[in-house]
Amino acid sequence: MFSNKEEFKEQFRLRLIGRLGIPLAEARADDVYKILGSMIREYVGKNWARTNQAYKERGEKQVYYFSLEFLMGRLLGNNLLNLGVLNMVREGLSELGWGLEAIEAQESDAGLGNGGLGRLAACFMDSLASLGYAGHGCGIRYKYGLFEQRIVDGNQVELPDYWLQKGNVWEVRRPEKKVEVFFWGRVESREENGRLIFETKDAEKIWAVPYDIPLIGYRRGNVNTLRIWSAESGLDLAAGHFSGGEGYYKYLEYSRSIESISEFLYPDDSNEEGKRLRLKQQYFLCSAGLQSILRTYDKQQLSYDHLPDKIAIHINDTHPTLVIPELMRILIDVKGMGWDEAWDITSRTVAYTNHTILSEALEKWPVPMVRELLPRVYMIIEEINKRFCAMLLERYPGDERRMSEMAIIYGDQIRMANLAIVGSYSVNGVAALHTEILKQREMRPFHELFPDRFNNKTNGITHRRWLMHANPELAELYKETLGEAWVHDPRGLTGLLQYTGNSSFQQRVQDIKQNNKRRLAGYILSRQGISVDPLSIFDVQVKRLHGYKRQLLNIMHIMHLYNELKENSARDMTPRTFIFGAKAAPGYYLAKQIIKLINNVADTVNHDPQARDRIKVVFLENYSVSLAELIIPAADVSEQISTAGKEASGTGNMKFMMNGALTIGTMDGANVEMHEMVGDRDMFIFGLRAEQVLEYYRTGGYSARRKSEEDERLRRLLGQMIQTGPFTSHEWEFEAVYRSLIDHNDEYFVLEDFAAYVDTQAQIDQIYRDPSDWTGRAIANMAHAGKFASDCTIRQYADDIWQIRPLDEDISSRKVY
Ligand code: 26V
């Protein structure tokens with residue numbers, strides 16, 4: 001690699017000529033990106049090999065994080081940062097006439113995730129590598145990531161996200177490591193030496209081909225692997241199937257149907273389509289991932305009794321739960337083990353994280369579908385269920401209710417969460433409140449049966465991407481002020497507490513925030529043609545669009561402010577820019593209406609001379625990881641306003657906190673723990689508490705209609721959704737929104753929490769007027785954010801769940817052969 005700027009420039013030039021055959025003067029930004037990316041990838045190749053060698057020689061336990069989603073975003077900037085060459089490359093490029101930011105912008109986001117769950121997996125990968133743990137990702141190489149969102153006439157329109165169109169400089173295709181995955185067929189059994197042998201006949205075989213992406217640790221040389229699998233057919237698999245005149249066309253059709261397995265990332269649960277294909281994806285990942293892990297394990301020639309001491313398999317929500325029956329299948333059918341032994345090994349190898357208690361997101365698969373698609377796996381699930389129910393019967397004789405709650409197969413459905421709990425040794429929630437709710441409500445009988453299995457691991461975010469890369473000026477200020485220790489242990493950011501009242505430090509913080517706001521304002525103007533004032537409060541809500549997240553509460557507050565301004569144009573108000581970014585699942589009608597409502601309000605407010613100097617509303621199209629990196633450092637106010645008890649953790653809340661925004665939020669998810677750290681003064685808490693929400697659900701004592709009749713402001717807002725007026729173009733335009741609030745009794749308590757939300761927003765309006773007061777509170781937030789660094793979270797997973805130790809060797813001096 002290069003050890004100084006001049007070397008970098010020289011190597012870069014040579015490659016440009018050598019690879020693309022063009023001189024510097026003719027290179028386009030895209031060429032520069034490709035060359036730079038391939039330089040980095042090749043450079044880390046050596047350390048990649050060294051790391052694998054070191055892990056192998058050491059022979060210690062390794063973790064495989066199975067996830068249907070990895071929301072990696074762009075990799076170039078972070079890789080340069082982690083390698084410690086970011087500034088050198090920036091300067092070198094600039095001397096060659098290129099700005100690094102423009103080069104970074106050439107990279108397509110790897111948007112292989114819906115939201116928090118997928119981004120968490122990506123943050124965890126960064127922490128694992130940066131702390132020196134042997135922890136790898138296992139996922140699917142979707143041809144299309146989450147859809148690209150366009151806003152047309154205020155409505156969301158979905159386009160395919162063909163992120164691989166220009167190639168992917170980070171991945172290495174490894175066809176020699178492909179494995180076979182089987183679907184369909186029928187199971188035959190026979191007896192051999194007193195044992196039952198099972199064989200699946202006439203199955204459809206497909207290839208799973210891995211692509212490896214290096215995961216580069218921060219300044220420590222080691223490189224882990226994200227292995228993503230692609231589904232392929234092969235002539236070798238199809239041979240003989242398609243003879244005759246039509247054969248060739250049939251083959252093409254067959255090929256396409258197989259490739260469709262890794263074609264699309266499914267949008268979240270609000271969409272009913274393609275269920276079988278989604279099940280295929282889940283099994284595809286589980287089977288391919290396991291086979292590749294076990295192939296490596298086999299090379300060590302260890303007995304399978306040791307598997308749980310050498311390997312931990314973590315399942316990110318229930319999506320990869322099929323690793324449990326699949327591991328059983330391999331141990332029994334392929335390795336010839338008995339049931340009890342296989343079960344002992346499997347349930348000591350797998351650990352499970354739950355990410356949501358929303359009942360509609362708890363996965364259930366129809367029995368007939370699983371039985372047909374995965375006949376042998378289904379038999380094993382049935383047997384797991386049979387044995388588990390027998391155990392329950394013995395333990396709780398006559399308690400039928402408990403049996404019906406806990407059974408894995410119930411009615412005609414397989415409950416994946418039940419299977420995941422029964423077949424794993426650890427079940428964790430993602431924030432203290434969430435874990436308590438799991439233990440005391442959602443998973444109560446399981447917690448009674450397996451109390452030691454349950455534990456909490458509050459989520460975290462990588463400060464390398466979300467602070468050092470997204471907000472380099474702020475990171476630089478921290479270094480000047482505190483030294484560099486916090487970079488390796490972000491809890492050291494509490495050192496900032498000394499500076500909350502320091503006026504020159506405050507000034508620096510304010511200047512940085514202003515720069516970030518100006519940068520975002522520039523983007524908003526160029527992309528959406530809306531001019532916003534960087535001196536106004538930037539009030540931001542960015543996350544998936546969902547009823548429980550209550551973007552509706554936010555927009556209703558804005559409508560209310562507008563109403564007030566129209567009534568009294570002299571109304572005193574600190575100018576505010578309300579920024580939204582959110583994708584709605586394509587089949588989620590109500591969510592799409594809310595997007596339309598936000599855009600209608602934006603259109604009216606932004607064009608009204610009486611309002612536009614005080615309120616601006618911006619809906620940013622196509623929210624993504626890279627857009628988040630631009631938006632979050634520019635925020636003053638972070639909106640974390642979910643119905644209490646519904647947001648398992650939230651991780652956006654942590655990103656905003658780390659970048660010095662103040663949170664307006666409910667006592668939900670990790671907000672509760674943020675509040676514990678910073679206290680009442682530095683966080684704006686409002687609304688129902690989780691117990692109150694539960695109580696309302698239990699007693700049915702809430703009447704949205706009554707609420708709306710009591711509060712004149714609400715009555716007016718509801719009217720404005722269905723009558724022609726400032727926010728609608730025709731009558732009943734927002735009928736679905738209206739009905740969700742009134743006819744369906746406001747499932748998420750938007751109307752109930754409205755008054756408290758308005759009052760709390762009014763406090764924010766006042767406090768922002770005193771820049772020193774505001775900035776002091778912002779600094780207190782930054783100071784406490786270190787607790788939410790994913791490095792801390794990952795250490796807890798490593799110590800309490802996985803029992804793995806970091807590599808303590810500096811691998812860069814190893815000889816590679
Ligand atoms: C559900 C489903 C169901 C099947 C179809 C595909 C699909 C995709 C996504 C989902 C929802 C996943 C749940 C999720 O994203 N949970 C979020 O996890 C974050 C990380 O733990 C946490 O911070 C958020 O509070 C939680 O909503």
Side-chain angles (χ1 to χ4, degrees), residues 65 67-71 111-124 139-140 142 145-147 264-282 285 314-322 352-365 415-417 420 427-435 437-438 456-462 542-550 582-588 591 640-656 665-666 668-674 690 788 790 793-794 797:
Y65 197 82
S67 180
L68 271 284
E69 305 188 14
F70 284 92
L71 235 185
L112 309 183
N114 275 283
L117 168 145
R119 184 54 230 175
L120 185 74
C123 284
F124 280 4
I140 294 180
Y142 302 104
L146 189 63
F147 64 85
F264 286 100
L265 164 75
Y266 278 87
D268 74 26
D269 44 322
S270 337
N271 173 322
E272 273 295 298
E273 266 162 66
K275 269 213 147 201
R276 181 181 284 114
L277 205 48
R278 167 88 183 165
L279 179 63
K280 273 189 159 180
Q281 291 187 330
Q282 296 189 349
L285 169 64
H314 204 94
I315 57 178
N316 198 21
D317 216 302
T318 54
H319 315 156
T321 300
L322 291 172
Y352 155 57
T353 299
N354 172 283
H355 295 266
T356 181
I357 58 157
L358 292 191
S359 54
E360 63 269 29
L362 287 180
E363 285 191 300
K364 296 182 188 75
W365 292 108
R415 298 154 160 175
M416 300 311 272
V427 178
N428 73 284
V430 290
L433 173 66
H434 170 59
T435 302
I437 294 176
L438 290 179
N456 176 248
K457 296 286 167 284
T458 300
N459 283 166
I461 56 166
T462 167
V542 284
K543 49 184 78 251
R544 276 184 297 139
L545 210 136
H546 202 289
Y548 82 82
K549 295 180 185 280
R550 299 201 294 192
K583 288 182 180 176
Y588 191 175
Q640 308 300 336
I641 59 177
S642 52
T643 311
K646 299 281 180 193
E647 189 69 274
S649 161
T651 42
N653 44 5
M654 302 167 183
K655 294 163 198 164
F656 283 100
T666 46
D668 199 14
N671 293 354
V672 177
E673 288 153 80
M674 286 166 56
F788 298 108
S790 47
T793 314
I794 280 297
Y797 274 89

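Counting starts at 1 for both ligands and their atoms, in listed order.
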For [X], atoms of ligand 1 separated by under 4.0 Å from a heavy atom:
X	answer
A648	25 (O)
E69	8 (C), 9 (C)
N114	8 (C), 9 (C)
Y548	27 (O)
G650	22 (C), 23 (O), 24 (C), 25 (O)
G116	19 (C), 20 (C)

(request) Using a 4.0 Å heavy-atom threshold (strictly under), name the region of A670 that reaches ligand 1: side chain, backbone, both or neither. (result) neither
(request) Between A361 and ligand 1, find which residue part has any heavy-atom pair under 4.0 Å and reply side chain, backbone, both or neither. (result) neither
Ligand 1 contacted by [X] (non-hydrogen, < 4.0 Å):
X	value
P267	yes
G669	no
R544	yes

(message) Tell me the nearest of H319, M416, E647, R119 to atom 27 (O) of ligand 1, using heavy-atom distances.
(response) E647
(message) For atom 18 (O) of ligand 1, which of the options L68, L117, N459, N653 provides the nearest non-hydrogen atom?
(response) L117
[X] to [Y] - nearest heavy-atom pair and separation:
X	Y	answer
A582	K543	CB-O, 3.1 Å
N671	Q640	ND2-O, 3.1 Å
G460	C123	O-CB, 4.3 Å

(request) Show your working on side-chain contact (heavy atoms from CB on, under 4.5 Å) between T321 and I315 and close with a plain yes or no. (result) CA-CA 7 Å; T321 300; I315 57 178; 3.9 Å; yes
(message) To the nearest 0.5 Å, what is the distance between CG on L279 and CG on L322?
(response)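 With rounding to 0.5 Å, CG (L279) is 6.5 Å from CG (L322).
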(message) Just verifying a value: how many Å separate R119 CZ and L112 CG, rounded to the nearest 0.5 Å?
(response) 12.0 Å
(message) Among residues at least two apart in sequence or on other chains, which ones pass side chain to side chain contact (heavy atoms under 4.5 Å, CB included) with T356?
(response)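 So T356 forms a side chain to side chain contact (heavy atoms under 4.5 Å, CB included) with D317, L358, A361.
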(message) Please enumerate all residues that pass side chain to side chain contact (heavy atoms under 4.5 Å, CB included) together with F147, with sequence neighbours excluded.
(response) Q149, Q156, E158, K583, P586
(request) Anything under 30° is parallel, anything over 60° is perpendicular, the rest tilted; go ahead and classify H314 against Y65. (result) parallel
